[in-house]
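Because the structure is a prediction, the values reported are computed rather than measured. Note: hydrogens, waters and symmetry copies are ignored here, and every other heavy atom, side chains too, is used.
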Amino acid sequence: FDFGKLEILERGPKRALIEHSGLPRFFTTWYLPMMEGYTSVVLEIAGAHHPTTRVEPLRRESNRAGLEVVTVRFEMMWDL
(Lines give C-alpha, C1' and ligand atoms only; values in the text may rest on other atoms or scores of the structure.)
Protein backbone atom coordinates (compact mmCIF):
# COMPACT_ATOMS: atom_id res chain seq x y z
CA PHE A 1 0.00 0.00 0.00
CA ASP A 2 1.79 3.08 -1.23
CA PHE A 3 -1.02 5.60 -1.09
CA GLY A 4 -1.84 8.50 1.14
CA LYS A 5 -0.48 11.25 3.29
CA LEU A 6 -2.04 12.15 6.64
CA GLU A 7 -1.70 15.71 7.90
CA ILE A 8 -3.11 17.51 10.93
CA LEU A 9 -4.32 20.85 9.57
CA GLU A 10 -5.69 22.35 12.80
CA ARG A 11 -5.37 21.33 16.42
CA GLY A 12 -7.16 22.82 19.40
CA PRO A 13 -8.21 21.92 22.93
CA LYS A 14 -11.53 20.42 21.75
CA ARG A 15 -11.15 20.08 17.97
CA ALA A 16 -8.85 18.71 15.29
CA LEU A 17 -9.00 18.80 11.50
CA ILE A 18 -7.17 16.02 9.71
CA GLU A 19 -6.65 15.62 5.98
CA HIS A 20 -5.82 12.32 4.33
CA SER A 21 -4.82 12.77 0.70
CA GLY A 22 -3.92 10.27 -1.98
CA LEU A 23 -6.47 7.60 -1.03
CA PRO A 24 -7.86 5.26 -3.67
CA ARG A 25 -11.57 6.05 -3.97
CA PHE A 26 -12.62 2.39 -3.74
CA PHE A 27 -10.85 2.16 -0.35
CA THR A 28 -13.03 4.90 1.16
CA THR A 29 -16.15 2.70 1.38
CA TRP A 30 -14.39 0.85 4.23
CA TYR A 31 -12.03 3.56 5.47
CA LEU A 32 -14.51 6.37 6.19
CA PRO A 33 -16.91 4.44 8.47
CA MET A 34 -13.93 2.77 10.16
CA MET A 35 -12.32 6.15 10.93
CA GLU A 36 -15.57 7.56 12.33
CA GLY A 37 -15.85 4.67 14.79
CA TYR A 38 -12.12 4.45 15.54
CA THR A 39 -11.61 8.13 16.33
CA SER A 40 -14.55 8.17 18.75
CA VAL A 41 -13.17 5.22 20.70
CA VAL A 42 -9.61 6.60 20.76
CA LEU A 43 -10.81 10.00 21.97
CA GLU A 44 -12.89 8.40 24.73
CA ILE A 45 -9.91 6.32 25.87
CA ALA A 46 -7.90 9.56 26.00
CA GLY A 47 -10.53 11.09 28.31
CA ALA A 48 -12.73 13.01 25.88
CA HIS A 49 -16.48 13.19 26.40
CA HIS A 50 -19.09 13.14 23.62
CA PRO A 51 -16.62 12.77 20.73
CA THR A 52 -17.90 13.23 17.20
CA THR A 53 -16.21 12.86 13.85
CA ARG A 54 -17.57 14.60 10.78
CA VAL A 55 -16.35 13.49 7.37
CA GLU A 56 -16.30 16.18 4.69
CA PRO A 57 -17.21 15.29 1.08
CA LEU A 58 -14.46 13.60 -0.88
CA ARG A 59 -12.37 15.74 -3.22
CA ARG A 60 -11.08 14.12 -6.38
CA GLU A 61 -7.33 14.49 -6.90
CA SER A 62 -6.25 12.50 -9.95
CA ASN A 63 -5.54 8.97 -11.14
CA ARG A 64 -2.57 7.05 -9.83
CA ALA A 65 -1.54 3.57 -10.93
CA GLY A 66 -4.86 3.35 -12.77
CA LEU A 67 -6.93 4.23 -9.68
CA GLU A 68 -8.95 7.34 -8.90
CA VAL A 69 -7.40 9.06 -5.88
CA VAL A 70 -9.21 11.40 -3.48
CA THR A 71 -8.65 13.59 -0.45
CA VAL A 72 -10.83 13.42 2.62
CA ARG A 73 -10.99 15.64 5.69
CA PHE A 74 -12.12 14.59 9.15
CA GLU A 75 -13.22 17.11 11.74
CA MET A 76 -13.08 15.66 15.24
CA MET A 77 -14.72 17.46 18.17
CA TRP A 78 -15.14 16.56 21.85
CA ASP A 79 -15.82 17.89 25.33
CA LEU A 80 -13.28 17.69 28.12
Side-chain angles (χ1 to χ4, degrees):
F1 187 81
D2 189 19
F3 287 92
K5 175 185 172 190
L6 191 68
E7 184 178 1
I8 298 172
L9 301 177
E10 296 176 22
R11 186 179 338 189
K14 297 193 299 184
R15 180 180 177 273
L17 181 62
I18 297 173
E19 181 174 86
H20 199 158
S21 60
L23 289 173
R25 184 188 251 321
F26 79 87
F27 185 66
T28 61
T29 57
W30 168 81
Y31 182 71
L32 300 181
M34 184 278 305
M35 282 297 288
E36 287 181 280
Y38 174 78
T39 54
S40 291
V41 171
V42 169
L43 287 168
E44 285 178 343
I45 290 170
H49 300 283
H50 313 292
T52 59
T53 298
R54 184 178 64 83
V55 179
E56 295 183 3
L58 299 175
R59 291 183 318 200
R60 188 176 191 285
E61 285 184 37
S62 62
N63 286 318
R64 181 170 166 200
L67 299 172
E68 181 183 5
V69 247
V70 296
T71 294
V72 64
R73 285 185 177 185
F74 300 93
E75 180 181 36
M76 300 180 305
M77 296 165 284
W78 60 91
D79 295 326
L80 298 177

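- The distance from atom CD1 of Ile8 to atom CZ of Phe74, rounded to the nearest 0.5 Å, is 13.0 Å.
- Closest of all the heavy-atom pairs between Gly22 and Thr71 is N-OG1, 4.3 Å.
- Connection of Tyr38 to Ile45 is not established within any shared hydrophobic cluster, with ILVMFWY side chains joined at heavy-atom distances below 4.5 Å, either directly or through further cluster members.
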Verdict with supporting geometry, Met76 and Leu43, side chain to side chain contact (heavy atoms under 4.5 Å, CB included): CA-CA 9 Å; Met76 300 180 305; Leu43 287 168; 4.3 Å; yes

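- Hydrophobic clustering (ILVMFWY, side-chain heavy atoms < 4.5 Å, transitive): Leu9 and Trp78 are in distinct clusters.
- In this structure, Arg60 places its CZ atom where more than 12 heavy-atom neighbours from other residues, nucleotides or ligands lie under 6.0 Å away.
- Within the model, atoms CD1 of Ile18 and CZ of Arg11 stand 9.0 Å from one another, a figure rounded to the nearest 0.5 Å.
- The salt bridge (Lys or Arg N to Asp or Glu O under 4.0 Å) pairs that include a residue from residues 14-37 are Glu10-Arg15, Arg15-Glu75, Glu19-Arg59, Glu19-Arg73, Arg25-Glu68, where partners are two or more places apart or lie in different chains.
- Rounding to the nearest 0.5 Å gives a distance of 11.0 Å between NE2 of His20 and CD of Glu7.
- For Thr28 against Pro33, the heavy-atom pair with the smallest separation is O-CD, 3.9 Å.
- Taking CG of Asp79 as the start and OG1 of Thr52 as the end, the distance is 8.5 Å to the nearest 0.5 Å.
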Is there a side chain to side chain contact (heavy atoms under 4.5 Å, CB included) between Leu17 and Glu56 once you walk through the steps?
CA-CA 10 Å; Leu17 181 62; Glu56 295 183 3; 4.1 Å; yes

Checklist entry - Going through the checks in order, is the side chain to side chain contact (heavy atoms under 4.5 Å, CB included) test met by Glu61 and Ser21? => result CA-CA 8 Å; Glu61 285 184 37; Ser21 60; 3.3 Å; yes

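- For the atom pair CE of Met34 and OG1 of Thr39, the computed distance is 9.0 Å after rounding to the nearest 0.5 Å.
- In this structure, Tyr31 and Phe27 have parallel ring planes: the angle between them is below the 30° cut-off, well short of the 60° mark.
- Considering all non-hydrogen atoms of both residues, Ser40 and Pro51 come closest at O-CG, 3.6 Å.
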